[in-house]
Amino acid sequence: MIAKLNGVSKEYTVGDQTLTALQPTDLQVNEGELLLIIGPSGSGKTTLLSLLGCVIYPTAGQLWVNGQLVNNMSQKKLAQLRLETIGFVFQNFNLLAPLTGEQNVMIPLQLMGMASSESKPKVEKALALVGMTDRKKSLPKQLSGGQQQRIAIARALVNNPKLILCDEPTSSLDKDSLKVVMEELRLLADEGKAVAVVTHDPRLREYAHRIIEVNNGVVTEPKELTD
C-alpha cells in the first residue's frame with residue numbers, strides 16, 4: 001500500500017456556499033497495480049487524484065501517502081513528498097517547448113539538486129524504459145502526441161517514484177498511441193509501481209488491475225475486476 005484515505009472528503013467554499021467535491025471516502029492504492037479512476041467530467045475524480053498527489057489537503061478524514069500523514073504537513077514537506085514519491089503524467093503532456101526530450105526528463109532531478117553526472121544515467125534509463133532513447137534530442141514539436149506522452153512518462157519515472165498519477169493521459173491521443181501508452185503504464189504497474197489513471201474513457205478498462213468509479217463525489221468499486 002502506497003496511499004490510504006480514511007474517511008477523506010474535500011469541500012470548497014465559494015461565496016456563502018459550500019461545495020462538496022468528494023464525499024467521505026475510504027480507499028487504498030497499492031503498489032503493483034494499475035488503478036483506473038473512471039467517471040464523467042465534474043464527478044470528483046480529479047479532486048481524488050489531487051489528494052493522492054498531495055496537491056491539496058483533505059477537508060476531513062486522514063490521508064496517508066508513503067506512510068506519512070499528509071493532513072498536517074507544511075507546504076515545504078508536502079512538496080518534498082511529491083518530488084521524492086510521486087510522478088505526474090498530464091493530459092496535455094506539459095513538456096517545455098524549448099527543451100529537448102532529454103532536457104524535459106531531467107527537470108525533476110534538477111529540482112532535487114542532483115549533479116549532471118548522476119542525473120544523466122537516470123535520464124537515459126527512463127527514456128529507455130519508454131522506448132524513446134532515439135528521440136531524446138528532439139523538441140516536443142518534432143514529436144507525435146504519443147511520443148510526447150511517452151517522454152512525459154519518462155519524466156514521471158526518472159526519480160523512481162513509488163506512485164505514478166495520470167490525469168486523462170490518453171485523451172489527446174489516437175487509437176494506436178493510446179494502446180502504446182496504456183501498455184507502458186500497465187507494464188510499470190506489473191513491475192511493481194502504483195499507477196492511478198483518471199479517465200472518462202471506458203476503453204481504458206481493459207488495462208486496469210482494479211477500477212473505481214466516481215460520480216457526484218461518491219466513490220464506488222464495482223465487484224468485477226479486469227484481467
Side-chain angles (χ1 to χ4, degrees), residues 1-4 27-38 45-46 48-55 65-67 81-95 101-102 104-109 112 119 121-136 143-173 175-199 201 203-212 225-227:
M1 181 183 68
I2 184 63
K4 186 175 183 179
L27 177 69
Q28 286 189 189
V29 181
N30 304 310
E31 292 174 273
E33 72 171 10
L34 193 155
L35 174 67
L36 198 66
I37 304 170
I38 197 164
K45 60 186 189 298
T46 298
L48 177 57
L49 197 75
S50 297
L51 286 162
L52 291 171
C54 302
V55 176
V65 176
N66 200 30
L81 179 61
R82 288 196 300 268
L83 193 57
E84 295 177 351
T85 308
I86 304 168
F88 294 91
V89 179
F90 301 98
Q91 175 178 349
N92 295 319
F93 320 134
N94 285 11
L95 301 180
E102 182 180 45
N104 268 284
V105 174
M106 193 174 288
I107 289 171
L109 303 181
M112 295 172 74
S119 63
K122 293 180 182 293
V123 170
E124 288 287 339
K125 181 179 179 182
L127 287 166
L129 281 171
V130 297
M132 289 298 290
T133 301
D134 61 332
R135 301 308 301 270
K136 66 182 181 181
L143 301 172
S144 69
Q147 289 171 330
Q148 289 185 60
Q149 194 59 289
R150 287 157 74 187
I151 291 288
I153 293 171
R155 183 180 56 191
L157 285 174
V158 72
N159 61 341
N160 195 29
K162 294 182 179 180
L163 176 60
I164 299 170
L165 301 177
C166 309
D167 190 4
E168 301 280 5
T170 60
S171 64
S172 302
L173 304 181
K175 181 180 178 182
D176 291 339
S177 295
L178 178 150
K179 183 175 185 292
V180 170
V181 166
M182 288 308 301
E183 286 177 350
E184 295 281 357
L185 293 172
R186 172 68 187 229
L187 182 60
L188 291 171
D190 288 339
E191 292 176 346
K193 299 289 185 188
V195 181
V197 178
V198 156
T199 188
D201 189 344
R203 292 178 299 171
L204 272 55
R205 286 178 176 267
E206 65 179 284
Y207 300 99
H209 293 99
R210 185 159 63 105
I211 298 170
I212 61 173
L225 295 177
T226 303
D227 292 329

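This structure is a prediction, so every number in the text was calculated from the model and none was measured.
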* To do: Apply side-chain contact (heavy atoms from CB on, under 4.5 Å) to the pair Leu188 and Leu34, showing each step before the final yes or no.
  => CA-CA 8 Å; Leu188 291 171; Leu34 193 155; over 6 Å; no

* To do: Assess whether side-chain contact (heavy atoms from CB on, under 4.5 Å) is satisfied between Glu168 and Lys45, documenting all intermediate values.
  => CA-CA 10 Å; Glu168 301 280 5; Lys45 60 186 189 298; 3.6 Å; yes

* Evaluate the criterion side-chain contact (heavy atoms from CB on, under 4.5 Å) for residue pair Ser172 and Asn92; output intermediate values, then yes/no. => CA-CA 7 Å; Ser172 302; Asn92 295 319; 3.6 Å; yes

* **Stepwise side-chain contact (heavy atoms from CB on, under 4.5 Å) check, Gln147 with Phe93** => CA-CA 10 Å; Gln147 289 171 330; Phe93 320 134; over 6 Å; no

* Check against side-chain hydrogen bond (donor to acceptor under 3.5 Å, both in side chains), Asn104 and Lys136 -> CA-CA 9 Å; Asn104 268 284; Lys136 66 182 181 181; over 6 Å; no

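Between the side chain of Gln149 and the backbone N or O of Phe90, at least one donor-acceptor pair lies under 3.5 Å. Using a distance-only test at 3.5 Å, with no hydrogens or angles considered, a donor-acceptor pair links the side chain of Arg155 to the main chain of Asn94.
The only option from Leu95, Ile153, Leu173 that meets the side-chain contact (heavy atoms from CB on, under 4.5 Å) definition with Gln148 turns out to be Leu95.
In this structure, CD in Glu183 is found 9.5 Å from CG in Leu178, a value given to the nearest 0.5 Å. Atoms CG and CD1, on Leu35 and Ile212 in that order, are 5.0 Å from each other to the nearest 0.5 Å. Rounding to the nearest 0.5 angstrom, the gap separating the CG atom in Asn159 from the CD1 atom in Ile86 is 10.0 Å. Taken to the nearest 0.5 Å, the CG atom of Leu51 stands 11.0 Å off from the CG atom of Leu165. In this structure, the separation between NZ on Lys179 and CG on Leu204 is 13.0 Å, given to the nearest 0.5 Å. A distance of 10.5 Å separates OG in Ser119 from CD in Glu124, rounded to the nearest 0.5 Å.
Within the 4.5 Å cutoff, the side chain of Arg82 has heavy atoms near those of the Val55 side chain. When side chains are defined from C-beta on, Val89 does not count as touching Val181, because their heavy atoms never get closer than 4.5 Å. Proximity of His209 to Asn30: side-chain heavy atoms (C-beta onward) are nowhere separated by under 4.5 Å. Side-chain contact check for Thr85 versus Ile2: some heavy-atom pair is nearer than 4.5 Å. Residues Val130 and Ile151 are not in side-chain contact: their nearest non-hydrogen atoms beyond the backbone lie 4.5 Å or more apart. With contacts defined as side-chain heavy-atom distances shorter than 4.5 Å, the pair Gln28/Glu33 does not qualify. In this structure, the side chains of Arg205 and Leu36 come closer than 4.5 Å at one or more pairs of heavy atoms. Side-chain contact check for Val105 versus Glu102: every heavy-atom pair is 4.5 Å or farther apart.
Ala194 and Glu31 get closest at one heavy-atom pair: CB-CA, 3.8 Å. Closest approach of Ala156 to Pro161, counting heavy atoms only: O-CG, 3.1 Å.
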